Each structure stands twice: as C-alpha cells, then as structure tokens.
A.B. asks: 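Quick one: the structure is below, and I'll ask about it shortly.
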Amino acid sequence: MSGQVPVLRIGQVLLVSIQTDLDDQDVMRLQDDLAAAVVNSGAHGVVIDITAVEIVDSFVGRMLSTIASLSRLLDAQTVVVGMRPAVAITLVELGLSLGGVRTALTLDKGLRMLGHDSAGHGLEGTVPDAAADA
C-alpha cells in the first residue's frame, strides 16, 4: 500500500510519522514533501517517527540519511525516533551507519533533543546547537 506520508508541524518542528512500510516512490515523495515543508515553514527541526516500520532496505536507509542531510542544509536538525531493534540490526548489516542522523528511542526524547517539549514549546534555558553566552 503506497500513499503520502503526512508532515505535521509542532511549533518549530516538523513531525513525520511513518505508519507503513514505504516503497521507493513513497520515500522519494517524502523527501520532496519534507524539503518543501522545511522551506515553507521555516522549521528548525524534523522528527521522523519510524516506530511502525518493521522492514527497511538499503534504499530506505540511504534516504533517511539523505533526508537528514537535506534538512541540515535547509537549517533544520533531524532526529529519527522509534527505531526497532530489528531495523537497527538490518541497517548495520547493510553497512548503513546513517552518519549525521541523530536518533532517540521515543518521540518525547526526540523533541527534547531539538529543544522542544512534547507540546512544541521551546524548553526554558535550552539553546539548540548554540553555545551559551559566557
């Protein structure tokens, strides 16, 4: 079953919740949709929730890395959340380290990594990717 993956905005973070295994065409559409959403929204973070993903292949693994790199070039950090052990094992076996992709076990932890609480508000005293003023 193929379909469009929704991109939701939570404050300055875009949330992509992948609820089904994606084919190559879906992944390419997601990459295009997400890049446009980052530019149009001015979001500073992207969270890709793959909790429901049971199977990945080398193409999907490379695309996660590409999406993170693309988002970074557009001034948004990416965190992949909810990776199952079997997915992590498959990525390692395929030799895909997903360089530059930050991961977190849960959505809440992923949002906190980007300096936001689960309601999308900035956390007091949090300055993502910036040194505190001395």
Side-chain angles (χ1 to χ4, degrees):
M1 177 177 168
S2 77
Q4 185 172 3
V5 177
V7 178
L8 308 172
R9 184 173 181 175
I10 302 173
Q12 290 297 308
V13 174
L14 298 178
L15 172 62
V16 178
S17 182
I18 300 173
Q19 296 299 310
T20 169
D21 293 326
L22 302 176
D23 63 28
D24 294 356
Q25 185 177 12
D26 294 333
V27 174
M28 294 299 294
R29 187 176 320 125
L30 173 59
Q31 178 182 321
D32 294 342
D33 291 350
L34 188 55
V38 168
V39 170
N40 293 335
S41 69
H44 296 292
V46 174
V47 175
I48 302 174
D49 183 356
I50 62 170
T51 303
V53 175
E54 295 181 19
I55 301 170
V56 294
D57 60 14
S58 61
F59 181 76
V60 172
R62 282 192 310 274
M63 290 310 295
L64 285 173
S65 184
T66 299
I67 288 170
S69 296
L70 181 60
S71 296
R72 197 168 37 254
L73 288 172
L74 297 172
D75 196 28
Q77 297 177 47
T78 300
V79 178
V80 174
V81 302
M83 187 176 302
R84 294 175 180 229
V87 170
I89 290 166
T90 301
L91 290 172
V92 170
E93 288 174 348
L94 292 171
L96 299 172
S97 64
L98 300 185
V101 177
R102 297 168 68 191
T103 60
L105 291 178
T106 66
L107 176 59
D108 187 55
K109 287 182 180 182
L111 289 170
R112 288 184 182 277
M113 286 175 76
L114 294 172
H116 291 75
D117 65 17
S118 57
H121 303 104
L123 295 175
E124 193 172 329
T126 302
V127 185
D129 275 346
D133 293 334

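Just so it is clear, the model here is predicted, and its values are computed rather than measured.
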A.B. asks: List in chain and number order the residues that pass side chain to side chain donor-acceptor pair (under 3.5 Å) with T51, two or more places apart in sequence or in another chain; answer none if no residue qualifies.
C.D. replies: D49
A.B. asks: Excluding sequence neighbours, so at least two apart, what forms side chain to side chain donor-acceptor pair (under 3.5 Å) with R72?
C.D. replies: S69
A.B. asks: Any chance you could lay out the side-chain contact (heavy atoms from CB on, under 4.5 Å) test for V101 and I48, step after step, and finish with the verdict?
C.D. replies: CA-CA 10 Å; V101 177; I48 302 174; over 6 Å; no
A.B. asks: Could you work out, with side chain to side chain contact (heavy atoms under 4.5 Å, CB included) as the rule, every residue matching V60, not counting sequence neighbours?
C.D. replies: V27, V56, D57
A.B. asks: Between atom CG of L70 and atom OG1 of T78, what is the distance when rounded to the nearest 0.5 Å?
C.D. replies: 8.5 Å
A.B. asks: In Å, rounded to the nearest 0.5 Å, how long is the span from CE of M83 to OG1 of T90?
C.D. replies: 10.0 Å
A.B. asks: I'd like to check the side chain to side chain contact (heavy atoms under 4.5 Å, CB included) partners of A104; sequence neighbours left out, ordered by chain and number.
C.D. replies: V79, V81, K109, M113
A.B. asks: State the CD1-CG distance between I18 and L64, to the nearest 0.5 angstrom.
C.D. replies: 6.5 Å
A.B. asks: At what distance, to the nearest 0.5 angstrom, does CD1 of I10 lie from CG of L107?
C.D. replies: 6.5 Å
A.B. asks: Is it true that V13 and L105 fall in one hydrophobic cluster, defined by side-chain heavy atoms closer than 4.5 Å?
C.D. replies: no
A.B. asks: Using the rule that two of Ile, Leu, Val, Met, Phe, Trp, Tyr join whenever any of their side-chain heavy atoms come within less than 4.5 Å, decide whether V87 and V92 are in one cluster.
C.D. replies: no
A.B. asks: Could you report the tightest heavy-atom contact between S71 and V38, atom names first, then the distance?
C.D. replies: OG-CG2, 4.5 Å
A.B. asks: Over all heavy atoms of both residues, which pair between V7 and A37 is shortest? Give the atoms and the distance, please.
C.D. replies: CG1-CB, 3.9 Å
A.B. asks: Restricting to side chain to side chain donor-acceptor pair (under 3.5 Å), what partner residues turn up for Q19, sequence neighbours left out?
C.D. replies: S17
A.B. asks: Considering all heavy atoms of both residues, which atom of A76 and which atom of A43 are nearest to each other, and what is their separation?
C.D. replies: CB-O, 3.6 Å
A.B. asks: To the closest 0.5 Å, what do you measure between CG (L114) and CD (Q12)?
C.D. replies: 11.5 Å
A.B. asks: If you round to the nearest 0.5 Å, how far is CG of L34 from CE of M63?
C.D. replies: 10.5 Å
A.B. asks: Taking only residues two or more places apart in sequence, or in another chain, which ones meet D33 in a side chain to side chain contact (heavy atoms under 4.5 Å, CB included)?
C.D. replies: Q4, R29
A.B. asks: Indicate if I55 and L91 have the same hydrophobic cluster label, given that clusters are the connected sets of ILVMFWY residues with side-chain heavy-atom separations under 4.5 angstrom.
C.D. replies: no
A.B. asks: Under the side chain to side chain contact (heavy atoms under 4.5 Å, CB included) rule, collect the residues that match up with S58, sequence neighbours excluded.
C.D. replies: R62, L94, L96
